[in-house]
Protein chains: 2
Amino acid sequence: MEQTLETPDVRGPAEAAAEPRLLASEVIERLRDMIVQGELAPGTKLNERVLCERLRHSRTPVREAIKYLASEGLVELVPNRGAIVTPITAVAVREMFVVMGALEGLAGELACANASDADIAEIRALHYQMLVHHARGELAEYFRYNQQIHLRLVECTGNVTLANTYRALNGHVRRARYMANLSRERWDAAVAEHEEILNALMRRDSVKLQALLRNHLGNKMVVVMEALSKQSTEIM
Amino acid sequence: MEQTLETPDVRGPAEAAAEPRLLASEVIERLRDMIVQGELAPGTKLNERVLCERLRHSRTPVREAIKYLASEGLVELVPNRGAIVTPITAVAVREMFVVMGALEGLAGELACANASDADIAEIRALHYQMLVHHARGELAEYFRYNQQIHLRLVECTGNVTLANTYRALNGHVRRARYMANLSRERWDAAVAEHEEILNALMRRDSVKLQALLRNHLGNKMVVVMEALSKQSTEIM
DNA sequence: ATCGCGTATTATGCATACAAACCAATTTCT
DNA sequence: AGAAATTGGTTTGTATGCATAATACGCGAT
C-alpha cells in the first residue's frame, strides 16, 4: 500500500521489528496457542493493553479473539473486569477425560466402520514415527505424534462434529502439562497400548478397539491427575 | 462451552416498557436466541448495521457477539465478507445426533450413579408437567418440557463439561424445526418412551436407561431427518 | 438482450476516542 | 487507630472514524 503525503501511514501500534503483522483471524489462533502451550498460565489475567503489544494489533481484534476463546472455554469473561485464562482444576480435567472417553469410544466404533485403508495407513505411519521418538527418548516429539494419532483417529471417522468436539476438549486437557511426569515404565506401557490399538484398528475390530481406547485413556487420566495433584492442588 | 457470563441484570424499574437497552453480555444471549429460535434463518447473512439496529448497540459489541457464536458454531465467519448463520445440512445434523447419542448414553450411566433423589424427583415433576401438555395437545409446551427433561438429565450427572457440550449440540439441532412434523403416533410413542426412561432412572438401572435413551434418540433422529428432507433438501 | 468491464456504493476490518467501572492509596471522620 | 470516603490512575466497555475489500450498478460492445 503506497502512502501519500497526506496519509502518514497510521497503522497500528508498533510494527517496529520485522515480526510480520498477523492476519486478523490469526490473532485467535495465536492467542489460543499462547494459552494451550502454557505461555499464558491458567488463571492469568488477560490485560488487553499487554496482549495488544504482544500480538501487534489494536484492542478490537484482540477483544474479538478473547470472546471467541471464551466460547471455547479457554478463557473466562468476568463482567467489567476483563478475562482470565481458565484455571485448571482437577475436577474439570477429570470431567473432560470422562467425556473424551465416551467420544473416543464412539470414534473407535466409527473408525472401524468408516475409515479408508489410506486413513489407517497414515495412522500406521504416524505410529512408527512415534516409535522412533520413543526409542530416542524424545518425549516432546513422541508426544506430538501421540496427539496426532489420537486426532487422526477421531478425524477418520468422517464425523466432523465429533472431531471438533474432541479437539476442543483435548486442547483444554493439554494445558495440564503432565508430559514431564511420564515415568519410563508408564511411557513404555503407553507405547505397548498404542501397538495394540493400531492392531485392533487394522483388523477393524470395533469391540476390542473400544476397550483398548477406554483403558488407554483411563491410564492417561491417572498420569494427568497425579501430575495435577503434585502441582498446586488448587487452581493452577 | 463453559462461560462465566453471569449477568447481574440490575435494571432499574424504569426501563420495563421502552425496549430496555441490552446489557452487553446479553447481546450474545439475544443473538443466540434469534438464531436458535429461527428468527434468523440458517444461511442468512448477518449484516452488522442491521443487527446493530435490532440489538440497539454499536458494532463493537455486536461483532464480539458474532465471534463468540462463531466459536460455538452457530455462525460461520467468512473472511472479508462477514458472517452467516450456519446452514443446516442433513449431514451435520446426523453427525450431531450420533455424538449426542454417545453423550446421552454417558449421561444415563452417570445419572444413575450420581443423581440425588431430589434431582430425580425434579425430573419426575417435569415429566408429569410434560404429560399435561401432551394430553392437551399443546405441542410447543410439550416440547419445552421435553427439552428440559433431557437437559436436566445431563445436568444431574454432576459433570458440567458433559452438560455444556450436550447443550451446545442441542442448540444446533433445535434449529431444525422438526417439531411441527411430529405425527400423533410418533408423539404418543415418544411419551411412552419417556415413561420408560423415567422408570429406569428411578430404579437407577444404568444399562436399561442407556438402551432406552439410545433408542429414543434414534427415533428422534428419524423424525428430524424426515423433516429435513421435506424442507429444502439443500442447505436450509 | 447478454456479457464485460469500470466505477460508485456499501460493508467489513481495524484503530482510536470517549465514557464508565474498578483499584489503590491517601485522607478524613469517628 | 480504624473505618469510611475521596481521588488519581488504570482498565474495561462502547461508539465512531477511516481504509480496504466486496458488491452492485450502469454503460458500451458484441
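Keep in mind it's a predicted model, so treat the numbers as computed, not measured.
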Would you say [N] has OP1 or OP2 under 4.0 Å from some side-chain N or O of [X]?
X       : N      : answer
B:Arg63 : D:dT14 : no
A:His57 : C:dA15 : yes
A:Thr60 : C:dC14 : no
A:Arg49 : D:dT12 : no
A:Lys45 : D:dT12 : yes
B:Asn80 : C:dA11 : no

Audit row: B:His172, B:Thr86, side-chain contact (heavy atoms from CB on, under 4.5 Å) steps and yes/no: CA-CA 9 Å; B:His172 283 253; B:Thr86 304; 5.5 Å; no
In whole Å, I'd like the distance from the [atom1] atom of [X] to the [atom2] atom of [N].
X       : N      : atom1 : atom2 : value
A:Glu53 : D:dT10 : CD    : P     : 14 Å
B:Glu48 : D:dA22 : CD    : P     : 15 Å
B:Ile84 : D:dA22 : CD1   : C1'   : 16 Å
B:Asn47 : D:dA22 : CG    : P     : 17 Å
A:Leu46 : D:dT12 : CG    : C1'   : 13 Å
B:Arg56 : D:dG13 : CZ    : C1'   : 20 Å
A:Glu64 : D:dG13 : CD    : C1'   : 14 Å
B:Arg59 : D:dC18 : CZ    : P     : 14 Å

Looking at [Y] and [X], is there a salt bridge between them, counting it only when a charged N and a carboxylate O are closer than 4.0 Å?
X        : Y        : value
B:Glu64  : B:Lys67  : no
B:Glu141 : B:Arg144 : yes
A:Glu39  : A:Arg30  : yes

A:Asn164 vs A:Thr161, side-chain hydrogen bond (donor to acceptor under 3.5 Å, both in side chains): CA-CA, chis, key distance, verdict: CA-CA 5 Å; A:Asn164 288 338; A:Thr161 303; 5.9 Å; no
Under 3.5 Å donor-acceptor pair, B:Arg81 side-chain atoms to C:dG13 base atoms: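 Under the 3.5 Å cut-off, the side chain and the base do not form any donor-acceptor pair.
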